[in-house]
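What follows is a short report on a single structure.
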Amino acid sequence: MNDTMLLQAQGLTVRYGGIEAVSGVDIEVRTGETVVVLGANGAGKSSIMNAVMGLVPMHAGTLMFDGQDIGRLGPPRRAHLGVRISPEGRRVFPNLTIEENILAGGYTMSEAERRKSVAWLFDVFPLFAKRRHTKAGNLSGGQQQLVAIGRALTSRPKLLLLDEPFLGLSPVAIAETSDAIQLAQQEGMSVLISEQMARPALKLAHRGYVLRSGTLRRSGDVAAIRDAALSEDYL
């Protein structure tokens, strides 16, 4: 990790009709840093992640990525710049094989680069290589989560967005998902995690934020956030 600012959201506000889901949120992620946004269901975590990816519009605020204002850019352009998301709910392509899902994550790359990246993922995730021709819809929830993260890793993004990566997983699947996130960290990627389950997320993070009803209630290092999360019943 270094002190170079990769992502900086200031005054981020997201509305759905007349409902304000996120209100004036400031979030920063430095190069090589892992940051977690903790909050209960409905706190606005997914709205933040989707706004960073460009999947929902910002009502107000600024969004800088790698020194560039990306607030008005669409998701494809943000993906080309190095932002990728593994969405909430393990949204794999169920009728595609593991290999096809992974290849889909490299659509911004040349064919040669994509094949090289897929070979790397098959090397570090034995499941992918062993069951490469298995349809993703036939996998367990934990295995689907690994495929969803692997798909986001294919392009070696600068910033990996993980929306509720531990939700509904068994302890074994949580450990496997944590290993996948650590792989991204070892590759030097910045990671922004939104999560209800504070315990596994805080083990991976450098800093964090506590979100409640669309507003930030606390920010700081992992120790400070752990105390805040405990008081908010997220642990």
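Owing to the predicted nature of the structure, the values given are computational and were not obtained by experimental measurement. The analysis underlying the following values was restricted to heavy atoms, covering all of them including side chains, and did not include hydrogens, waters or symmetry mates.
Here the CG-CZ distance, from Leu38 to Arg199, works out to 12.0 Å after rounding to the nearest 0.5 Å. Considering CD of Glu111 and NZ of Lys116, their distance stands at 14.5 Å, rounded to 0.5 Å. Atom-to-atom distance recorded for Ser155:OG and Met109:CE is 6.5 Å, nearest 0.5 angstrom. Atom CG of Asn138 is separated from atom CG of Asn95 by 9.0 Å, given to the nearest 0.5 angstrom. Remark: Met197 CE to Glu164 CD distance equals 10.0 Å, nearest 0.5 Å. Of the inter-residue distances, the one linking Leu192 atom CG with Leu162 atom CG reads 8.5 Å to the nearest 0.5 angstrom.
Pairing each heavy atom of Glu88 with each of Ser46, the nearest pair is OE1-OG, 3.0 Å. Between Asp66 and Lys158 the shortest heavy-atom distance is OD2-NZ, 2.6 Å. Of all non-hydrogen atoms in Gln145 and Ser86, the two that sit nearest each other are OE1-OG, 3.7 Å. Across Arg151 and Pro87, no two heavy atoms sit closer than the pair NH2-CD, 4.2 Å. When every heavy atom of Asp26 is checked against every heavy atom of Gly11, the shortest pair comes out as OD1-N, 2.6 Å. Heavy atoms only, all atoms of each residue included: Pro75 and Gly54 are closest at CG-O, 3.4 Å.
Note on Val118: it clusters hydrophobically with Leu183, by side-chain heavy-atom contacts below 4.5 Å among ILVMFWY residues. In this structure, Leu96 is not a member of the same hydrophobic cluster as Phe128, with clusters built from ILVMFWY side-chain heavy atoms closer than 4.5 Å. With hydrophobic clusters built from ILVMFWY side chains whose heavy atoms lie under 4.5 angstrom apart, Val222 shares a cluster with Val36. Under the 4.5 Å side-chain heavy-atom criterion for Ile, Leu, Val, Met, Phe, Trp and Tyr, Leu167 and Val191 are members of distinct hydrophobic clusters.
With hydrogens and angles ignored, the 3.5 Å screen pairs a side-chain donor or acceptor of Glu100 with a backbone N or O of Thr97. For Gln10 (side chain) and Leu63 (main-chain N/O), no donor-acceptor pair under 3.5 Å exists by modelled atom type. Judged by distance alone, with hydrogens and angles left aside, the side-chain atoms of Gln68 form no donor-acceptor pair with the main-chain N or O of Phe65 at under 3.5 Å. Using modelled atom types, no side-chain atom of Glu195 and backbone atom of Val37 make a donor-acceptor pair closer than 3.5 Å. Here the side chain of Ser178 pairs a donor or acceptor atom with the backbone of Ile174 at under 3.5 angstrom. Formation of a donor-acceptor pair under 3.5 Å by the Asn101 side chain with backbone atoms of Phe93 is found in this model. Although no hydrogens or angles enter the test, the distance criterion places no donor-acceptor pair under 3.5 Å between the side chain of Arg84 and the main chain of Ile149. The main-chain N or O of Leu211 is never found under 3.5 Å from a side-chain atom of Thr215 such that the two would form a donor-acceptor pair. Judged by distance alone, with hydrogens and angles left aside, the side-chain atoms of Arg114 form a donor-acceptor pair with the main-chain N or O of Leu103 at under 3.5 Å. Side-chain N or O atoms of Glu33 include one that pairs as donor or acceptor with a backbone N or O of Arg30 at under 3.5 Å.
A donor-acceptor contact closer than 3.5 angstrom links the side chains of Tyr16 and Ser47. Side-chain contact of Arg15 with Ser23: a donor-acceptor pair under 3.5 Å is absent, judged by distance alone. Between the side chains of Gln185 and Thr34, at least one donor N or O lies within less than 3.5 Å of an accepting N or O.
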>> Checking Ile225 against Arg218 for the side chain to side chain contact (heavy atoms under 4.5 Å, CB included) test, could you report, in this order, the C-alpha distance in whole Å, the side-chain angles of both residues, the deciding distance, and whether it holds?
In response: CA-CA 7 Å; Ile225 295 303; Arg218 184 72 65 88; 3.9 Å; yes

> Step by step, would you call Met64 with Ile70 a side chain to side chain contact (heavy atoms under 4.5 Å, CB included)?
Replying inline: CA-CA 6 Å; Met64 302 293 295; Ile70 64 170; over 6 Å; no

> side chain to side chain contact (heavy atoms under 4.5 Å, CB included) between Met53 and Asn50: does it pass, once the steps are laid out?
Replying inline: CA-CA 5 Å; Met53 192 67 239; Asn50 289 333; 5.5 Å; no

> Are Ser190 and Leu160 close enough, and set up right, to give a side chain to side chain contact (heavy atoms under 4.5 Å, CB included), and what steps lead you there?
Replying inline: CA-CA 6 Å; Ser190 299; Leu160 177 64; over 6 Å; no

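Of the residues listed (Ile193, Ile48, Val83, Val29), the one engaging Leu161 in a side chain to side chain contact (heavy atoms under 4.5 Å, CB included) is Val83, and it is the only one.
Using a 4.5 Å heavy-atom cutoff, the side chains of Arg131 and Gln143 are in contact. The side-chain heavy atoms of Leu12 and Met58, taken from C-beta on, include a pair separated by under 4.5 Å. Under the 4.5 Å side-chain criterion, counting only non-hydrogen atoms from C-beta, Gln182 is in contact with Leu204. Contact of the Leu139 side chain with the Ile98 side chain is registered, since non-hydrogen atoms from C-beta on lie closer than 4.5 Å. The side-chain heavy atoms of Phe122 and Glu99, taken from C-beta on, include a pair separated by under 4.5 Å. Within the 4.5 Å cutoff, no side-chain heavy atoms of Ile102 are placed close to those of Phe125. The side-chain heavy atoms of Glu28 and Leu7, taken from C-beta on, include no pair separated by under 4.5 Å. At least one side-chain heavy atom of Phe166 sits less than 4.5 Å from a side-chain heavy atom of Ile181.
Taking the ring centre of Tyr209 as origin, the terminal cationic atom of Arg217 falls outside the region bounded by 6.0 Å and 45° from the ring axis. A cation-pi contact, defined as under 6.0 Å to the ring centre and within 45° of the axis, is absent between Arg115 and Trp120.
One finds no salt bridge joining Lys45 and Asp163 here, because no Lys/Arg side-chain nitrogen approaches an Asp/Glu carboxylate oxygen to under 4.0 Å.
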